[in-house]
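Chain letters run A, B, ... following the sequence lines, proteins first and then strands; every chain starts at 1.
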Protein chains: 2
Amino acid sequence: MTSRRGPYAKGTAKRAEILSVALEVVAEKGCHNASNREIAERVGLSQAGLMHYFGSREELYMAVLRARDERDSAAYWEPDPSFAGFLRVIENNTRVPGLVQLYVEFSAEASLGKHPAHEFFRERYEWVHQRSVESVRAAQASGEFGPHIDADLVADVLIAAADGLQQQWLLDRSIDMVARLQAMWAGMATLSRLDAEIDPVTAEATPTE
Amino acid sequence: MTSRRGPYAKGTAKRAEILSVALEVVAEKGCHNASNREIAERVGLSQAGLMHYFGSREELYMAVLRARDERDSAAYWEPDPSFAGFLRVIENNTRVPGLVQLYVEFSAEASLGKHPAHEFFRERYEWVHQRSVESVRAAQASGEFGPHIDADLVADVLIAAADGLQQQWLLDRSIDMVARLQAMWAGMATLSRLDAEIDPVTAEATPTE
DNA sequence: GTCTATAAAAGGATAGAC
DNA sequence: GTCTATCCTTTTATAGAC
């Protein structure tokens, strides 16, 4: 059980090693200044050797991000598909600034035109969105959210706030992302409960008027 | 009045032209793939000529972003330093995807270590934050928000949601950023009013329990 | 101010040998 | 699998003419 079946054992281990080193280099220099050459050197490969495992810089970075998602998903989301689970993912990101930076910069790079990672990020967004919708529905089931809320909209706002807070946090590591997300979540929850009790349509109000 | 005083007239006009062309190229290729050579060519300058105006790629992009901020600030923020003004800025961004992409990618690139634009983005954030705090205070004055809210926290969340929604929007141009921001704002407002009326501390609640 | 020319360094990607 | 060698492109920066 120490090695997986024959021919793939080494390749798999090497791939994992590359992913980890790639993350290390990105964390130090940023996605923009991390070069295949440097990653290859640190793994003890030539640049062409690196290309054997990942056909391009984009493939490599996608793989790094995918590995992160799989790890986080297994560790936080799946055991607890609620807002609390979501918060644990964000809180954990605090320990891996390199990943956060890679995610923001690479997804921005991929957002324009026909970039090789464009589809990857679209699909990833769908996935995160669905997960978040589940969290909202769980909160509705528990009564924290009212029944009339638009779960897709809340999910979008939640993800947006989390992404934007990560951008802020990259510039200033002292900000408390979790506290801010909790405040936002509580606001949406309160609003949704009032909608249910008072008027399903009203979303704005000027009480002192 | 057609030209500013003598020696600077041409330099100023040329700089403005370069900024506009740089934006055009970034909009097409993304900040990552826009090259000084191509920008210079399209302006009708050599690369060395371009470098005469902006000493580096970073300086040039900072200048593009600064010009945008000045324009938007004059057009939307200053006439209306409220949440509505904030929304008009966001809504306007819908018309300049290149700028949005440049902002997200370049700020992410600059967020790591000692990047030449790091300080620029930190200062810019301070500025946007202060502007947003003013919007929150205006909403408190009008009674839309309760008096006990943490305006800095609301401002951070508002900016985060706006930034994150722009990331989403870059990947999927069909999402309605303004509607989502309004929902979030309404939630925070409602929460803040309840805090004032019921209990200044409570931010979460499970009413059906 | 603007050009041509040019340098040295670095990036990504690929062909083909072992 | 892994390497060497090579290609093409980008970047910054400089020297020196007009």
Side-chain angles (χ1 to χ4, degrees), chain A residues 3-19 21-22 24-26 28-64 102 105-106 109-110 112-118, chain B residues 3-19 21-22 25-26 28-64 102 105-106 109-110 112-117:
Chain A
S3 73
R4 299 170 54 160
R5 45 201 176 299
Y8 291 109
K10 194 193 171 192
T12 306
K14 200 78 184 168
R15 262 184 76 103
E17 193 194 341
I18 294 170
L19 290 180
V21 170
E24 197 179 296
V25 177
V26 169
E28 271 173 46
K29 322 252 221 179
C31 150
H32 185 70
N33 290 313
S35 73
N36 289 354
R37 272 189 177 79
E38 176 153 12
I39 294 167
E41 263 169 37
R42 290 211 210 174
V43 187
L45 273 182
S46 69
Q47 196 226 157
L50 180 67
M51 284 294 135
H52 172 74
Y53 290 95
F54 303 91
S56 68
R57 168 185 172 276
E58 284 84 10
E59 283 297 333
L60 174 55
Y61 291 166
M62 279 189 260
V64 172
L102 174 62
E105 186 175 349
F106 191 48
E109 179 192 327
L112 222 51
K114 258 194 61 52
H115 189 283
H118 192 94
Chain B
S3 74
R4 300 169 54 159
R5 47 197 174 302
Y8 290 109
K10 194 193 170 192
T12 305
K14 199 78 184 167
R15 263 184 75 102
E17 192 194 343
I18 294 170
L19 290 179
V21 171
V25 176
V26 169
E28 270 174 46
K29 323 252 222 176
C31 151
H32 186 70
N33 292 315
S35 72
N36 290 353
R37 267 190 180 79
E38 176 152 13
I39 294 167
E41 264 168 36
R42 290 211 210 173
V43 188
L45 271 182
S46 68
Q47 195 229 153
L50 182 65
M51 284 293 132
H52 172 75
Y53 291 95
F54 303 91
S56 69
R57 168 185 171 275
E58 284 84 9
E59 283 297 333
L60 173 56
Y61 290 167
M62 280 188 261
V64 171
L102 174 62
E105 186 174 351
F106 191 48
E109 179 193 327
L112 221 53
K114 259 193 61 55
H115 189 283

(message) Please report the interatomic distance CD(A/Glu38) to CG(A/Asn36), rounded to the nearest 0.5 Å.
(response) 11.0 Å

(message) Rounded at 0.5 Å granularity, tell me how far CD1 in A/Ile39 sits from CZ in A/Arg37.
(response) 12.0 Å

(request) Nearest whole angstrom, please: distance from the C1' of C/dG1 to the CZ of B/Phe54. (result) 15 Å

(request) Give a yes or no answer on whether the side chain of B/His32 reaches the backbone of A/Glu109 with a donor-acceptor pair at less than 3.5 Å. (result) no

(request) Please identify each residue that fulfils salt bridge (Lys or Arg N to Asp or Glu O under 4.0 Å) with A/Glu59, with sequence neighbours left out. (result) none

(request) Look at B/Arg42 together with B/Glu17 and state whether they make a salt bridge at an N to O cut-off of under 4.0 Å. (result) no

(request) Check the distance between D/dT4's C1' and A/Leu50's CG and give it to me in whole angstrom. (result) 16 Å

(message) I need the CD1-C1' distance between B/Ile39 and D/dT12, as an integer number of Å.
(response) 15 Å

(request) Mind calculating the distance between CD1 (A/Ile18) and C1' (D/dG1) to the nearest angstrom? (result) 11 Å

(request) In whole angstrom, give the distance that lies between atom CD of A/Glu41 and atom P of D/dC3. (result) 11 Å

(request) Report yes if a side-chain nitrogen or oxygen of A/Ser46 is closer than 4.0 Å to either non-bridging phosphate oxygen (OP1 or OP2) of D/dT2; otherwise report no. (result) no

(request) Taking all non-hydrogen atoms of both residues into account, name the closest pair between B/Glu58 and B/Pro116 and its distance. (result) CG-CG, 3.5 Å

Enumerate all atom pairs, one protein N or O and one N or O from nucleotides 10-17 of chain C, separated by less than 3.5 Å.
residue	atom	partner	partner atom	Å
C/dG11	OP1	A/Ser35	OG	2.9
C/dG11	N7	A/Arg37	NH1	3.4
C/dG12	OP2	A/Asn36	N	2.8
C/dG12	N7	A/Arg37	NH1	3.1
C/dG12	O6	A/Arg37	NH2	3.2
C/dA13	OP2	A/Arg57	N	3.3
C/dA13	N7	A/Gln47	OE1	2.9
C/dA13	N7	A/Gln47	NE2	3.2
C/dA13	N6	A/Gln47	NE2	3.0

